[in-house]
Number of protein chains: 2
Amino acid sequence: MVQYNNDTLDAAFAALSDGTRRGVLEQLGRADASITALARKFQMTLTGMKKHVGVLEHAGFVTTQKIGRVRTCKLGLRRLEEEAVWIERYRLLWDARFDALEMIVEELKQKEKANDRD
Amino acid sequence: MVQYNNDTLDAAFAALSDGTRRGVLEQLGRADASITALARKFQMTLTGMKKHVGVLEHAGFVTTQKIGRVRTCKLGLRRLEEEAVWIERYRLLWDARFDALEMIVEELKQKEKANDRD
DNA sequence: GTTATACTGAACCATATAGTTCAGTATATG
DNA sequence: CATATACTGAACTATATGGTTCAGTATAAC
C-alpha cells in the first residue's frame, strides 16, 4: 500500500546522515584505507568503524576486500547518482511551487488594487 | 576534535532517509496540506504524521502555521541547496578517484607490455 | 614458536525512530 | 449549548543506531 518506499534511497540517505560516515567517504575519495587507519583517523574503536563501513557498504558507497589480515576499503561503484536525481527533482518541484506562490501573490496584489479603486 | 560533524546536514539527510517524509515533501510541492490531509494520504494516525512533519520542520524543509484548529504545512525556505552541494562535491571526488584508478590501471598495462617484451 | 597486529562477533548500553493508543484542548458547526 | 473536527502531548512498544568492551581467530613479524 505504501509505495512511497524506496529502500535503496532510504539506505543511502541514512548512510549520509552521519558525519563520521561522510568523513569516511571523503577520506576514501583521497585514498583507500584499512579499518584500522579509518578507526584511528576518526578516533573510534575498530568495531565501531567496522559498523560504519558496513553501513556504507550496504548502501553501495563502499566496497571492501580482505587480504591477509587487512581489510581495505575503497569507494564503491555507486556515485550518488540516484540521490542527486532525487534532490534535483525536489528542487524543481520547489521552484515550481514558489513560482506558483509568486503568481498568487501577484494576483492578490491585482485584486487589492481593484478594491482600492472601488 | 571530531570536526566532521555538521548537525544541519545530519538532520537534512536523516529527514530524507524516510520514504513517507520524501512523499510528504513531494506532496507539499504540489499543494499545501493540513496534518489531517497528509495523515489520510499516507495512511497514518494524526500523531504519527505530526511527528514526520516535525522532523521535516526541524530540518528546515517545511514550515507550518496553525490557523483556527487547522495546521497548514508548506515547503520551507530550505531547498536542499547544501545537500546538493555536498553530493556534488562527493561526485567530483569520486570522479577524481576513479580517474586516478584508471591511470594506475593504464600504468600497470604499460608495465605488463614492457615485461612481455623481455 | 611466541608475540604483536588486524580484524570479527557477541553482548551490552543509551538514545533515537516510527509508530501506536488514549486522554486531553481548542475551535467550528448546527 | 452540544457535538464534531483538528490537533496535541504523554506514555508505551518495537526496533535501529552509534557506540563500547571483551573474547576470540587469523596472519605477520621476530
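Numbers restart at 1 for each chain; the letters A, B, ... are given by sequence-line order, proteins then strands.
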Exercise for the section: Specify the separation, in whole Å, of atom CG of A/Leu46 and atom P of D/dA26. Expected result: 18 Å
Practice task
For B/Val55, enumerate each residue passing the side-chain contact (heavy atoms from CB on, under 4.5 Å) test, keeping only those at least two apart in sequence or located in another chain.
Solution key: B/Ala15, B/Arg21
Practice task
Rounded to the nearest angstrom, tell me the gap between atom NE2 in A/His52 and atom C1' in D/dA16.
Solution key: 14 Å
Exercise for the section: Check whether any side-chain heavy atom of B/Lys41 sits under 4.5 Å from a side-chain heavy atom of B/Met49, and report yes or no. Expected result: no
Handout entry: Members of residues 53-61 of chain B that approach DNA chain D, where some heavy atom sits under 4.0 Å away
Key = none
Fill in the blank from the handout: A/Phe13 atom CZ is separated from D/dT17 atom P, nearest whole Å, by 16 Å
Problem - Distance, rounded to the nearest Å, where A/Phe42 contributes CZ and D/dG18 contributes C1' - result: 15 Å
So which protein N/O to nucleotides 12-17 of chain C N/O distances come out below 3.5 Å?
none

Problem - Protein-nucleotide distance (B/Lys50, atom NZ; C/dG24, atom C1'), rounded to Å - result: 14 Å
Practice task
Please check if A/Leu77 and A/Leu9 belong to a single hydrophobic cluster, counting links between Ile, Leu, Val, Met, Phe, Trp and Tyr side chain heavy atoms closer than 4.5 Å.
Solution key: yes
Handout entry: Residues in contact with DNA chain D, drawn from residues 66-73 of chain B - heavy-atom cutoff 4.0 Å
Key = B/Lys66, B/Arg69, B/Val70, B/Arg71
Completion exercise
To the nearest 0.5 Å, atom OG of B/Ser34 lies from atom CZ of B/Arg69 at 11.0 Å
Practice task
Could you check whether A/Ile35 gets within reach of a base, just the sugar-phosphate, or nothing at all, counting any heavy atom under 4.0 Å?
Solution key: sugar-phosphate
Practice task
Show your reasoning for whether side chain to side chain contact (heavy atoms under 4.5 Å, CB included) applies to B/Leu75 and B/Phe61.
Solution key: CA-CA 6 Å; B/Leu75 291 187; B/Phe61 295 140; over 6 Å; no
Practice task
Determine the contact category for B/Thr47: base if any of its heavy atoms lies under 4.0 Å from a base atom, sugar-phosphate if only primed atoms, P, OP1 or OP2 are that close, otherwise nothing.
Solution key: base
Fill in the blank from the handout: With sequence neighbours left out, the residues meeting side-chain hydrogen bond (donor to acceptor under 3.5 Å, both in side chains) with B/Thr64 are B/Glu57, B/Arg71
Practice task
Round to a whole Å and report the spacing from CD of A/Gln43 to C1' of D/dG18.
Solution key: 16 Å
Distance-only criterion, 3.5 Å: show the donor-acceptor pairs between side-chain atoms of residues 83-90 of chain A and protein atoms not counting sequence neighbours.
unit_1	atom_1	unit_2	atom_2	d
A/Glu83	OE2	A/Arg78	NH2	2.4
A/Trp86	NE1	B/Glu26	OE2	3.4
A/Glu88	OE1	A/Arg91	NE	3.4
A/Arg89	NH2	B/Glu26	OE2	2.9

Exercise for the section: Supply the atom-to-atom distance A/Thr45 OG1 to A/Lys51 NZ, rounded to the nearest 0.5 angstrom. Expected result: 8.5 Å
Completion exercise
When rounded to whole Å, the CE to P distance for the pair A/Met44 and C/dT8 reads 16 Å
Problem - Co-membership, hydrophobic cluster, residues B/Val70 and B/Leu56, 4.5 Å side-chain - result: no
Problem - Rounded distance in Å - CE (A/Met49) to P (D/dT20) - result: 10 Å
Problem - Separation of A/Ile35 CD1 from A/Thr72 OG1 (nearest 0.5 Å) - result: 9.0 Å
Practice task
State the CG-CG distance between B/Leu16 and B/Leu25, to the nearest 0.5 angstrom.
Solution key: 6.5 Å
